[in-house]
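Along the sequence shown, residues carry numbers from 1. For clarity, every value in this text was computed on a predicted model and none was experimentally measured.
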Amino acid sequence: MPKQRITKEMVVNAAFEIARSSGMEQVLVKNIADRIGCSVQPIYSYCKNMEGLRRDVTDQVSRFIQEYIAARVDKADLFRSTGNAYIQLAKEEPNLFKIFILRQRDGIASLDDLYQLEAGPHVADYIAGELQISGQRARQLHLHMLIYTIGLGTIFSITTPGISADEIFAQQDAAYEAFLKQVLDEEEDCEAE
């Protein structure tokens, strides 16, 4: 029987599946070897350090999440449906959600820095156009919802037996309505001056 050739892609894919089912802390050489069905030796040849492998897994998690969210976004209600998709992700893929949310973010010294990193360059413009508010107010609303959604998703992903999805979505909708009202009131106050 010929020896199976172990590739870096196989190692990263196995590590991703382990992280997905059991969390990043279970991405260990022995577990990867067991998943692939080989000895630890070929794994060590690709994993000179586990930090590099974990970065590769985190990159794969990010790609997975981009595809996951894109498949669930309603173009007619892009802003709200994106938030809902992240909450759904936290429910269906709690380990991947935690990896994505808890990954190291370098160069972040303010919430503005976080917003710049996490939001696409034209998101606030899109929200402003959809809601007929200023770009600054759209950014404020988006940042509030980003922070709130991360918090709800984190709670959702770490509680057992688990909070009902209906309760989480209702809370997210209530926060959206409250934040939107605040932004619209501020916009109205500015126009009145």
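- In this structure, Asn95 and Ser22 approach most closely via the heavy-atom pair ND2-N, 3.6 Å.
- Contact between Ala124 and Ala138 at its shortest, heavy atoms only, is O-CB, 3.2 Å.
- When all heavy atoms are compared, the tightest approach of Val57 to Ala19 is CG1-CB, 4.0 Å.
- For the residue pair Gln136/Gln140, the side-chain donor-acceptor check at 3.5 Å is not satisfied.
- Residues Ile147 and Ile158 fall into different hydrophobic clusters, defined by Ile, Leu, Val, Met, Phe, Trp and Tyr side chains chained together at heavy-atom separations under 4.5 Å.
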Q: For His144 and Tyr176, run ring pair (Phe, Tyr, Trp, His ring centres under 6.0 Å): C-alpha distance rounded to whole Å, both residues' side-chain angles, the deciding distance at 0.1 Å, then the answer.
A: CA-CA 9 Å; His144 285 319; Tyr176 172 73; over 10 Å; no
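- A single hydrophobic cluster is seen to contain both Met10 and Ile18, as judged by linkage of ILVMFWY side chains at heavy-atom distances under 4.5 Å, directly or through other members.
- Every residue was checked against the salt bridge (Lys or Arg N to Asp or Glu O under 4.0 Å) condition with Arg54, not counting sequence neighbours, and none meets it.
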Q) Does the pair Val29 and Met50 meet the rule for a side-chain contact (heavy atoms from CB on, under 4.5 Å), with working shown? A) CA-CA 8 Å; Val29 172; Met50 288 301 286; 3.7 Å; yes
Q) Please walk me through it: do Phe156 and Phe97 pass ring pair (Phe, Tyr, Trp, His ring centres under 6.0 Å)? A) CA-CA 10 Å; Phe156 204 23; Phe97 182 84; 9.0 Å; no
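- Scanning all heavy atoms of the two residues, the minimum distance from Glu187 to Arg137 falls at OE1-CG, 2.8 Å.
- When every heavy atom of Tyr148 is checked against every heavy atom of Ala175, the shortest pair comes out as CE2-CB, 3.3 Å.
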Q: Report the C-alpha separation of Val61 and Arg63 in whole Å, then their side-chain angles, then the decisive distance to 0.1 Å, and conclude whether the side-chain contact (heavy atoms from CB on, under 4.5 Å) test is met.
A: CA-CA 5 Å; Val61 168; Arg63 286 189 301 275; over 6 Å; no
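- Under the 4.5 Å side-chain heavy-atom criterion for ILVMFWY residues, a single connected hydrophobic cluster contains both Ile101 and Leu96.
- Using a cutoff of 4.0 Å between basic side-chain nitrogens and carboxylate oxygens, Lys30 and Asp34 are scored as salt-bridged.
- For Arg103 and Phe100, the positive end sits near the middle of the six-membered ring, less than 6.0 Å away and at most 45° from its axis.
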Q: Determine, step by step, whether Asp113 and Arg105 satisfy the salt bridge (Lys or Arg N to Asp or Glu O under 4.0 Å) criterion, reporting the C-alpha distance in whole Å, the side-chain angles of both residues, the deciding distance to 0.1 Å, and the verdict.
A: CA-CA 10 Å; Asp113 290 344; Arg105 290 167 174 83; over 6 Å; no
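- Contact of the Asp59 side chain with the Val12 side chain is not registered, since no non-hydrogen atoms from C-beta on lie closer than 4.5 Å.
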